[in-house]
Amino acid sequence: MGIINRSLLFVYTLFFGILCAGIVALCLHIVPERVVLNEYEYLSSQWQTGAVAGVFLLLSIHLLLCSFSGSKSREISTRELLVVQGATGQVNVSLAAIREMAERLAGSVHGVRTAKAKASVEHRRGEGDFLKLDIRLEVGQERGIAAISDDIRSQVGSYLTQAAGIDNVELAVSVQSIVSGVSVKKRRIK
């Protein structure tokens with residue numbers, strides 16, 4: 001949902017929240033009935049009441065249609081891209097592709113049960129793009145954490161340097177949990 005639709009939704013829910021608070025006040029007899037009838041007669045005789053009701057009807061229809069519309073394929077923003085200098089020019093690499101690659105390489109290391117990666121790009125002046133990669137692991141007890149971390153750093157680092165051509169990398173590996181038991185990895189059929 002875009003910023004315009006979010007703003008419309010905010011105004012819409014704020015209006016109906018205030019309306020519901022007024023209805024609760026009426027049901028609890030906080031406002032006298034004669035005041036409510038007097039305000040009702042005044043509002044029903046004004047043309048602005050119908051105009052506001054029509055605007056909220058159109059807003060309701062618009063937000064309803066937005067809720068049923070499917071997600072469009074959106075372009076990747078510049079914050080989600082890393083620019084790599086190739087031999088013949090620049091190449092844009094998606095952070096999602098880097099995350100998936102890091103998770104796949106880290107998951108293939110012996111002793112790693114699950115791996116989740118977060119990637120971000122810093123645009124530094126003079127140095128270009130700088131990749132920050134944070135890999136969070138769930139490891140088993142069959143192997144030392146330092147050895148697992150060293151393997152992940154060497155595999156991911158060498159892949160990023162050799163295959164992807166990314167030199168400016170800050171790689172952080174953190175263990176979130178240590179589990180016991182035997183790991184059984186099942187192959188997926190695609």
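Residues take their numbers from the sequence shown, with the count starting at 1.
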Novice: When clusters are formed from ILVMFWY side-chain contacts under 4.5 Å, directly or step by step, what else is grouped with L28?
Specialist: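 V24, I30, which link up through side-chain heavy atoms under 4.5 Å apart, make up the rest of the cluster.
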Novice: Flag the pair I145 / I178 as yes when at least one side-chain heavy-atom distance between them is below 4.5 Å, and no otherwise.
Specialist: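 They are in contact (side-chain heavy atoms under 4.5 Å apart), so the answer is yes.
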Novice: Any link between L133 and V175 through a network of hydrophobic side chains (Ile, Leu, Val, Met, Phe, Trp, Tyr) touching at under 4.5 Å?
Specialist: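 In one cluster with L133: V175, yes.
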Novice: Once salt bridge (Lys or Arg N to Asp or Glu O under 4.0 Å) is applied, what residue pairs with a partner in residues 149-164 remain, sequence neighbours excluded?
Specialist: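 Pairs touching residues 149-164 that pass the test: R143-D151.
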Novice: Any side-chain heavy atom of V156 within less than 4.5 Å of one from V173?
Specialist: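 Counting from C-beta outward, V156 and V173 never come under 4.5 Å.
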Novice: What are the two closest non-hydrogen atoms of I148 and H110, and how far apart are they?
Specialist: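 The answer is CG1-O, 3.8 Å.
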Novice: Just to verify, what does V52 make a side-chain contact (heavy atoms from CB on, under 4.5 Å) with, not counting sequence neighbours?
Specialist: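 By the side-chain contact (heavy atoms from CB on, under 4.5 Å) rule, V52 matches F56.
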Novice: Going by side-chain hydrogen bond (donor to acceptor under 3.5 Å, both in side chains), name the residues that satisfy it together with S60, two or more places apart in sequence or in a different chain.
Specialist: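 Counting only residues at least two positions away or on another chain, S60 forms a side-chain hydrogen bond (donor to acceptor under 3.5 Å, both in side chains) with Y12.
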Novice: In Å and rounded to the nearest 0.5 Å, what is the CG to CG distance from L160 to L105?
Specialist: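 It is 8.0 Å, given to the nearest 0.5 Å.
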Novice: What residues form a side-chain contact (heavy atoms from CB on, under 4.5 Å) with L14, not counting sequence neighbours?
Specialist: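 By the side-chain contact (heavy atoms from CB on, under 4.5 Å) rule, L14 matches F10, I18.
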Novice: Please name all residues satisfying side-chain contact (heavy atoms from CB on, under 4.5 Å) with I61, sequence neighbours left out, ordered by chain then number.
Specialist: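 With neighbours one apart ignored, the set is L57, L65.
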Novice: How would you list, by chain and number, every residue that makes a salt bridge (charged side-chain N to carboxylate O under 4.0 Å, His left out) with R136, sequence neighbours excluded?
Specialist: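 Counting only residues at least two positions away or on another chain, R136 forms a salt bridge (charged side-chain N to carboxylate O under 4.0 Å, His left out) with D134.
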Novice: Run the side-chain hydrogen bond (donor to acceptor under 3.5 Å, both in side chains) test against H62 and tell me which residues pass, sequence neighbours left out.
Specialist: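 So H62 forms a side-chain hydrogen bond (donor to acceptor under 3.5 Å, both in side chains) with N5.
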Novice: Identify each donor-acceptor pair in which a side-chain atom of residues 33-45 lies under 3.5 Å from a protein atom, sequence neighbours left out, and give them as a table.
Specialist:
from, atom 1, to, atom 2, distance (Å)
S44, OG, Y40, O, 3.1
S44, OG, E41, O, 3.1
S45, OG, E41, O, 3.4
S45, OG, Y42, O, 2.8

Novice: Go through the structure and list residues passing side-chain hydrogen bond (donor to acceptor under 3.5 Å, both in side chains) with Q176, not counting sequence neighbours.
Specialist: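 So Q176 forms a side-chain hydrogen bond (donor to acceptor under 3.5 Å, both in side chains) with S174.
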Novice: Can you see which heavy atom on A119 is nearest to which on L131, and at what distance?
Specialist: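 In this case the closest contact between A119 and L131 is CB-CD1, 4.2 Å.
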Novice: Counting only N and O atoms by type, is there a donor-acceptor contact under 3.5 Å from the side chain of E138 to the main-chain atoms of S177?
Specialist: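 Checking the backbone N and O of S177 against the side chain of E138, no donor-acceptor pair under 3.5 Å is found.
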